[in-house]
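Start at 1 and go down the list; that is how both ligands and their atoms are numbered. Numbers for residues simply follow the sequence, beginning at 1.
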Amino acid sequence: MELVLSFREKIKQKVNQAIKQFSMFNRQDRLLLAISGGKDSLGLASLLKDLNYSFSCLFIDLELGEFSLKSAEKVSLFCKKLQLPMQKVSVREELGIDMQDVMAHYPKNACAACGSIKRKIFNRYALKNSFDVLVTGHQLDDEAFALFSNNFRWDFFYLKKSFPVSNSKDGFIKRGKPLCFCRENETGQYALEEGIDFITDKCPFSATNTRSFYKNIFIEFEKKYPHWLEEYYKNFLNQYALLNSIESDRAELKRCQLCGDLTAHEICRVCLIKNHDWKR
Ligand code: AMP
Ligand code: ZN
């Protein structure tokens, strides 16, 4: 007799499968979960807890007014309820960067700039506090959209970023995305069914990314070809070994002349952003 799984069990199984298939982490690893207050990262926290993983949470305060205040509140109430250790770090205190200033200087690329800034903070925090793996709540739709836009340039360095796991290298923490087999509507349904109180407001920076542009295209696409996005991402994963064996032609990493972090250039992207020297 075929076993009929509940929706909750199905999602749990998908997360478990992703963790195992890509050897993301095991129960001995020290895990740091990047938690934003959105449905994906709060849902992932609940799933990881259900799967008996122990982990700490890190929230980055972007200090973007009401949006950041609400997000911080959702995160701290959630972590308290689930008894999860949580730390909050502010971009201003950590890097001396004012995100409103980033918005003013990069009105078309603020979202991409914010991504680089958050990645730097995650990486530094995780290494400084001896974590083994940084876990994020990126789901399949996020990954497929990013892949689609990076596909345009066929830059293998960027294409590889859509893999569900990236191994640690000198100066870079291992990263894993356990929701890579879950569609965005599934993480939304999961969070609602579990009664998770997540933030529904849009980040003020989101207007500067291409995500909603791709989302609208793929909504239309999937009306005609159901599951297209899923197939597209899964076909990419099937080429994992092949793509991973391609050495990207990036230069050797060196220390950023301003902050000392590893970078492929003289000055890292975040220092360029901070000094208004990032050319987009
Ligand atoms: P986003 O880039 O906003 O689509 O978020 C993707 C993932 O990055 C989330 O699921 C979180 O794991 C993480 N993340 C985004 N924003 C924050 C934040 N302010 N603090 C901590 N983690 C975050
Ligand atoms: Zn730097």
Report task. Taking the six-membered ring for Trp and the single ring otherwise, decide whether the centroids of Phe218 and Phe148 are under 6.0 Å apart. Result ->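 Yes, the ring of Phe218 comes within the 6.0 Å limit of the ring of Phe148, centre to centre.
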
Query raised in the report: Taking it one step at a time, do Asp132 and Phe25 satisfy side-chain contact (heavy atoms from CB on, under 4.5 Å)?
Result: CA-CA 8 Å; Asp132 297 307; Phe25 44 79; over 6 Å; no

Inspect the surroundings of [atom1] in [X] and state if more than 12 heavy atoms from other residues, nucleotides or ligands are less than 6.0 Å away.
X      : atom1 : value
Glu9   : CD    : yes
Tyr225 : OH    : no
Lys10  : NZ    : no

**Report entry** Three-point angle Cys256:SG, the Zn ion (ligand 2), Cys259:SG, rounded to the nearest 10°
**Finding:** 110°

Query raised in the report: Between Lys234 and Phe181, is NZ or CZ placed under 6.0 angstrom from the six-membered ring centre and within 45° of the ring axis?
Result: yes

Query - Contact partition for Leu58 relative to ligand 1, non-hydrogen atoms under 4.0 Å - result: backbone

Just jot down the ligand 1 atoms closer than 4.0 angstrom to any heavy atom of [X], in number order.
X      : result
Thr136 : 12 (O)
Ile35  : 20 (N), 21 (C), 22 (N)
Phe122 : 21 (C), 22 (N), 23 (C)

Query raised in the report: Is there a protein heavy atom at a distance of less than 4.0 Å from atom 16 (N) of ligand 1?
Result: yes

Query raised in the report: In the protein, which heavy atom is nearest to atom 12 (O) of ligand 1, and how far is it?
Result: Ala34 O, 2.6 Å

Report task. Starting from atom 2 (O) of ligand 1, locate the nearest protein heavy atom and write down its residue, its atom name and how far away it is, to 0.1 Å. Result ->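 Nearest neighbour among protein heavy atoms for atom 2 (O) of ligand 1, to 0.1 Å: Lys118 NZ, 4.1 Å.
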
Query raised in the report: Of the choices Ser36, Ser41, Cys114, which has the non-hydrogen atom that lies closest to atom 23 (C) of ligand 1?
Result: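 Ranked by closest heavy atom to atom 23 (C) of ligand 1, first place is Ser36.
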
Query raised in the report: Less than 4.0 Å between a side-chain N and a carboxylate O, is that true for Asp261 and Arg124?
Result: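 Looking at Arg124 and Asp261, the cut-off is met.
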
